[in-house]
Amino acid sequence: MRLDKFLASFSDYSRKEIKAVLKEKRVTVGGSVLTDPSAHINPETDIITLDGEPLVYKPYIYFMMNKPAGFITATEDRRDRTVMEFVPREFLKYEPFPVGRLDKDTEGLLVFTNDGELAHRLLSPKKKVPKVYLATAERKISEKDIKAFRKGIYIDEDGYTTLPGDLKVVSEGGNPVCEVTIYEGKFHQVKRMFEKCGNRVLYLKRITFAGVALDDSLKTGQVRELTAAETDILRSCFKNE
Ligand code: URA
């Protein structure tokens with residue numbers, strides 16, 4: 001990797017500022033001062049310091065967002081505002097992307113990473129990764145609805161029946177609030193499952209993804225890096241492979 005690219009990724013300086021930093025002899029690689037931005041370094045084996053402090057090489061980033069309603073889950077869009085507006089600059093330089101998608105009006109847990117392999121596995125329909133949502137419904141939930149969710153619901157004109165899920169009523173006064181667990185991520189899946197039961201989702205929030213729970217101290221629009229224990233939970237979905 002070029003030295004200036006490494007420094008731009010793992011320090012707070014932009015690529016432009018790095019040129020000056022190097023000229024000022026503030027960077028060492030393996031104990032020697034380097035000033036050439038195009039010098040090649042091995043970020044996994046070379047010890048690189050800036051102002052005497054070692055820079056820790058971290059190829060991957062994993063973080064969660066409490067997604068606000070009104071933003072689409074995409075890295076860019078010509079029409080709509082995207083969730084990327086809430087990703088801080090120091091995370092953006094890792095080129096993260098959201099793992100899966102929440103609808104524009106859905107809130108809650110969105111995991112981001114630049115680890116393509118893990119993301120691919122988490123999104124594979126074969127892996128049946130669990131996702132838990134809180135859904136506020138328009139009408140009362142019946143025993144028949146609960147059984148239908150447990151059996152799998154026919155949601156598509158093209159003959160698709162969802163995998164068995166779980167529907168639990170957590171509060172009944174007024175519009176019922178339910179906890180919904182599904183093991184796939186079809187377009188508008190939770191909303192369509194409710195619609196097939198003659199009901200309607202008024203509000204939807206994801207609270208867990210692949211066993212990782214939304215940190216409820218995060219306000220909508222806030223992000224935080226996953227802990228090592230949380231990234232282990234994501235990987236543990238595949239530990240027997
Ligand atoms: N199901 C939906 O209907 N919408 C979402 O955003 C996620 C799951």
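Ligands are counted one by one from 1 in listed order, and the atoms in each one are counted from 1 as well.
- Phe112 and Phe63 have parallel rings, their planes meeting at less than 30° on a 0 to 90° scale where 60° marks the start of perpendicular.
- By the 4.0 Å heavy-atom criterion, Phe187 is excluded from the residues contacting ligand 1.
- Looking at every heavy atom in both residues, Val27 comes nearest to Leu7 through CG2-CD1, 4.0 Å.
- Scanning the protein for heavy atoms near atom 1 (N) of ligand 1, the closest one is Val190 N, 3.1 Å.
- Using a 4.0 Å cut-off to heavy atoms of His188, the atoms of ligand 1 that qualify are 1 (N), 2 (C), 3 (O).
- Within 6.0 Å of atom NZ in Lys191, more than 12 heavy atoms from other residues, nucleotides or ligands are found, so the atom counts as buried in its surroundings.
- Contacts between Ile182 and ligand 1 below 4.0 angstrom, taking non-hydrogen atoms only, are absent altogether.
- Comment: Lys186 does not engage Glu184 in a salt bridge, judged by the lack of any side-chain N to carboxylate O separation of less than 4.0 angstrom.
- The nearest protein atom to atom 4 (N) of ligand 1, hydrogens excluded, is given as Asp103 OD2, 2.7 Å; this is a heavy-atom distance.
- Near Tyr133, meaning under 4.0 Å from one of its heavy atoms, ligand 1 places the atoms 7 (C), 8 (C).
- In this structure, the side chains of Pro43 and Phe10 stay at 4.5 Å or more apart for every pair of heavy atoms.
- For the pair Glu179 and Lys168, the salt-bridge criterion is met [side-chain N within less than 4.0 Å of a carboxylate O].
- For ligand 1, the polar-atom distance check finds an N/O of Thr106 within less than 3.5 Å of one of the ligand's N/O atoms.
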